[in-house]
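Both backbone and side-chain heavy atoms feed into the values below; hydrogens, waters and symmetry mates do not.
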Amino acid sequence: MNKDVMDLLHAALRAAKADGLVPEQADPPVLLEVPKRAGQGDFASTMAMALAKDAGKNGREVAEQLTRYMPKEPWLERVDIAGPGYLNFTMAPSYWHRLLANILEQGGAYGGSTIGAGRRVQVEFVSANPTGPLHVGHGRIAAVGDTLARLLEATGHTVEREYYINDLGKQMITLGQSLLARYRQHFGREAPIPEGGYQGEYLRELAKEMAENEGARWLDEPEEEAQRYCTQIASQRLLASIREDLDRFGVGFDVWTSEVALHLDGKVEQALKRLREAGHLYEEEGATWVRTMTFGDDKNRVVIRQNGQMTYFASDLAYHLDKYERGFDEIVDVWGADHHGYAPRVWAGMEALGRPRDRLKIVLVQLVALLRHGKPVSMSTRAGEFVTLRDVLDEVGRDAARFFFLMRRCDNALDFDLELAKAKSEDNPVYYVQYAHARLCSMQRQSADRGLAVPAPSEIDPAPLTLPEEQGLLRQLSLYPAVIEASAQLLEPHRVIFYLQEVAGLLHAYYNKHRVLTQDRTCSLARLALMQAVRTVLANGLTVLGVAAPERM
RNA sequence: GCGCCCGUAGCUCAGGGGAUAGAGCAGAAGCCUUCUAAGCUUCUGGCCGGAGGUUCGAGUCCUCCCGGGCGCACCA
């Protein structure tokens, strides 16, 4: 997918429509692939074949006509029609020259685009209850959410990262009760952790801390008051610790929204009022329901329980309404896939509130299975023997953790092997990509020692770059902007990983086969320019993943 | 039972309706007096879960079936 050629295709399509060759409503995929075999050009498109039916002609005929509509560009050597109607594009040498100069000129900006210019996007992710430390599943969501945000930024969007704190409800009460039990235990009292309570060691530590700061005074306070205090202390401390973990993971948020605050600000009341005015609320069995079924949900949902308390869903309606009212052009929620059944309900709620559902995109991230030497590591939050994100960071480090979390499509479950992730060996894909970058840096240090500097963009003489490996590298580098765009538009960060592995593979192969620093100065300089371009793309790609691009390894 | 996701090489997975389906790992054989061997080269490996359908063309879209995961609260 090369954006310059894609522009040509778009232009040809427009012209063909204007001329009536194809119907105005035809919307073929304007996509490019890199042909698998030599002799099929640098890029290929199937657009003509896709249009064949609408145009009432066969693919080859459409292809021929499209080439006539295509603007003539000096950097395009030729367009061939092949097979059932492929358009095969062969680029002129000047194209590769320009590409190379372009990458060196743009540096860290290469690959960025402006498709999102003027568009504000919110990405909400992690949003874990402050009832315990983040586990590996949160880690994957954090990596995905943050990388999506980076991708959207790279494509010109204005992005806000947001964490929604579920600091209200039964779980928070249970948390307080659990801490209170630990606190009492600390003073030698008989105090069981409540049914379904939090067993983790972290509450024992918190209880000890509380005893040191507050003494024994909470032993004598009334149960409910003590529990409320414990809930407050625990959620505060746990949230702080969650923030620390995320910080270490390279993930930061612009906005933290609290569910409690939503209620205090009257936002939940307001949302319910709106629903009531719109006629979407009704009473039944002493509860208040919203008619989400009208908007595609399986059943209607309770917003105010019999006991008068609001449900989590009520808060969430208010929360999402608030997001819409903050004026985002696009709202992205990143959820664990175990919440997938919740999505239709939220979309329905938004429609009931008169908001377009397609503005809210929900990315579902499947679970992480933690392995060690290929054997599963057991995880269970309640039993308290889970592996936390912090444990993983301690063991494998930020770069490997982020890379592994992003290696698979989000809708596939992920096997995360701790031993593999920290192996400083050939098996570890993180190092494969980072090593390519470090290698290039090392080479540049060598060339500097020999008095050879990477040429300035305007000084590049690409004439010596005639090897097929060099053409392959240039072709691959030219795809980068489209990879970033597609990853951002489809909300699929794994594409960047696969792309970078390919770049690294081509680089390593080239490196082993040919020397960059040779006796021939002109050739060395041309190759140095190419290597700088590869380095730039590797660095930019790793940056968008939040993974370091080391200069030495 | 209903809904969503997944099923592609021995394993882990890419593959946006198009040309002869790819990569890594595992297995076999090679490559370091020269820019980092955390690397490279070559070989082996496939009824894309199954059956129908749509299409000039299906791993990709539709229907059904089988197998696995996750959901189906007046929990969050």
Check every strand shown and say whether [X] touches a base, only sugar-phosphate, or nothing at a heavy-atom separation below 4.0 Å.
| X | result |
| --- | --- |
| A:Ala50 | base |
| A:Gln519 | nothing |
| A:His437 | nothing |
| A:Ala337 | sugar-phosphate |
| A:Ala509 | sugar-phosphate |
| A:His339 | base |
| A:Gln306 | base |
| A:Ala44 | base |

Roughly how far apart, to the nearest Å, are [N] and [M] at atom [atom1]?
| N | M | atom1 | value |
| --- | --- | --- | --- |
| B:G67 | B:G50 | C1' | 11 Å |
| B:A38 | B:C25 | C1' | 15 Å |
| B:G24 | B:G39 | P | 11 Å |
| B:G45 | B:G68 | C1' | 25 Å |
| B:A73 | B:G17 | C1' | 42 Å |
| B:A29 | B:C64 | C1' | 48 Å |
| B:G59 | B:U8 | P | 15 Å |
| B:A37 | B:G69 | P | 45 Å |

Whole-Å distance between [N] [atom2] and [X] [atom1]?
| X | N | atom1 | atom2 | answer |
| --- | --- | --- | --- | --- |
| A:Leu506 | B:G39 | CG | P | 15 Å |
| A:His138 | B:A76 | NE2 | C1' | 11 Å |
| A:Arg301 | B:C74 | CZ | P | 8 Å |
| A:Asp449 | B:U34 | CG | P | 17 Å |
| A:Phe404 | B:C25 | CZ | P | 12 Å |
| A:Arg345 | B:G71 | CZ | P | 13 Å |
| A:His508 | B:A37 | NE2 | P | 10 Å |
| A:Leu51 | B:U55 | CG | P | 19 Å |

Using a strict cut-off of less than 4.0 Å between a Lys/Arg side-chain nitrogen and an Asp/Glu carboxylate oxygen, indicate whether [X] and [Y] qualify as a salt bridge.
| X | Y | result |
| --- | --- | --- |
| A:Lys323 | A:Glu162 | no |
| A:Glu64 | A:Lys57 | no |
| A:Asp80 | A:Arg78 | yes |

**Item:** Inter-residue atom distance A:Met531.CE - A:Tyr511.OH, 0.5 Å rounding
**Value:**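 Those atoms lie 10.5 Å apart.
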
**Prompt:** To the nearest 0.5 Å, how far apart are CG in A:Leu148 and CG in A:Leu491?
**Reply:**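 Rounded to the nearest 0.5 Å, the CG-CG separation comes out at 5.5 Å.
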
**Message:** Within the 4.5 Å heavy-atom criterion, are A:Leu360 and A:Asp333 side-chain neighbours or not?
**Reply:**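 Yes, their side chains come closer than 4.5 Å.
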
**Asked** Are A:Leu371 and A:Leu418 close enough that some pair of their side-chain heavy atoms sits under 4.5 Å apart?
**Response**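 Not in contact.
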
Nearest to the side chain of [X], heavy atoms from C-beta on, is which of [options]?
| X | options | value |
| --- | --- | --- |
| A:Arg37 | B:C75, B:G39, B:U20 | B:U20 |
| A:Leu367 | B:U36, B:C70, B:G15 | B:C70 |
| A:Tyr431 | B:C40, B:A38, B:G15 | B:A38 |
| A:Lys299 | B:U41, B:C72, B:A19 | B:C72 |
| A:Asn166 | B:A76, B:C74, B:C35 | B:A76 |
| A:Glu33 | B:G39, B:A19, B:A38 | B:A19 |
| A:Arg450 | B:C40, B:A19, B:C35 | B:C35 |
| A:Val302 | B:A76, B:C74, B:A19 | B:C74 |
| A:Asn88 | B:A37, B:A19, B:C35 | B:A19 |

**Request:** Would you kindly check whether a donor in the side chain of A:Gln40 faces an acceptor in the base of B:A19, or vice versa, at under 3.5 angstrom?
**Result:**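 Per atom types, the contact qualifies.
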
**Request:** Spell out yes or no: do the side chain of A:Asp338 and the base of B:G71 have one donor N/O and one acceptor N/O closer than 3.5 Å?
**Result:**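 Side chain to base: no pair below 3.5 Å.
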
**Nearest non-hydrogen partners of A:Val496 and A:Gly541, listed with the distance** =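 Heavy atoms only, the tightest pair is CG1-O, 4.0 Å.
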
**Request:** Return yes when atom CZ of A:Arg372 has more than 12 non-hydrogen atoms of other residues, nucleotides or ligands closer than 6.0 Å, and no otherwise.
**Result:**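 Yes.
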
**Prompt:** Just wondering, more than 12 heavy atoms not from A:Glu269 lying within 6.0 Å of its CD?
**Reply:**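 12 or below, so no.
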
**Prompt:** Which residue, A:Phe313 or A:His494, contacts RNA chain B at a nucleotide closer to its 5' end, judged by nearest heavy atom?
**Reply:**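 The residue mapped nearer the 5' terminus is A:His494.
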
**Message:** Return whichever of A:Thr518 or A:Tyr312 has its heavy-atom-nearest nucleotide of RNA chain B closer to the 5' end.
**Reply:**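 Looking at the nearest nucleotide for each, A:Thr518 comes out on the 5' side.
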
**Prompt:** How would you label the glycosidic angle of B:C40: syn (within 90° of 0) or anti?
**Reply:**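 Anti conformation here, the glycosidic angle of B:C40 being more than 90° from 0.
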
Taking only side-chain N and O atoms of [X], does any of them lie within less than 4.0 angstrom of OP1 or OP2 on [N]?
| X | N | value |
| --- | --- | --- |
| A:Arg305 | B:A73 | no |
| A:Lys513 | B:C40 | no |
| A:Tyr432 | B:C40 | yes |

**Request:** Could you run through nucleotides 3-13 of chain B and give me one letter per nucleotide, 5' to 3': B if any protein heavy atom sits under 4.0 Å from the base, S if only the sugar-phosphate is that close, - if neither?
**Result:** BBSS-----SS

**Message:** For Watson-Crick and G-U wobble pairs within 3.5 Å on both distances, what is RNA chain B written in dot-bracket notation, | included for inter-strand pairing?
**Reply:** (((((((..((((....[...)))).(((((.......))))).....(((((..]....))))))))))))....

**Message:** Would A:Arg357 pass as a cation-pi partner of A:Phe295, given that its NZ or CZ must be under 6.0 Å from the six-membered ring centre and within 45 degrees of the axis?
**Reply:**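 No.
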
**Prompt:** A:Thr147 side chain to A:Val144 main-chain N or O, any donor-acceptor pair under 3.5 Å?
**Reply:**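 Pair absent, no side-chain N/O of A:Thr147 close to backbone of A:Val144.
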
**Prompt:** Counting only N and O atoms by type, is there a donor-acceptor contact under 3.5 Å from the side chain of A:Tyr499 to the main-chain atoms of A:Gln476?
**Reply:**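 A pair under 3.5 Å: yes.
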
**Prompt:** Using 30° and 60° as the class limits, which term best fits the ring planes of A:Phe498 and A:His494: parallel, tilted or perpendicular?
**Reply:**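 Judged by the thresholds at 30° and 60°, the geometry between A:Phe498 and A:His494 is perpendicular.
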
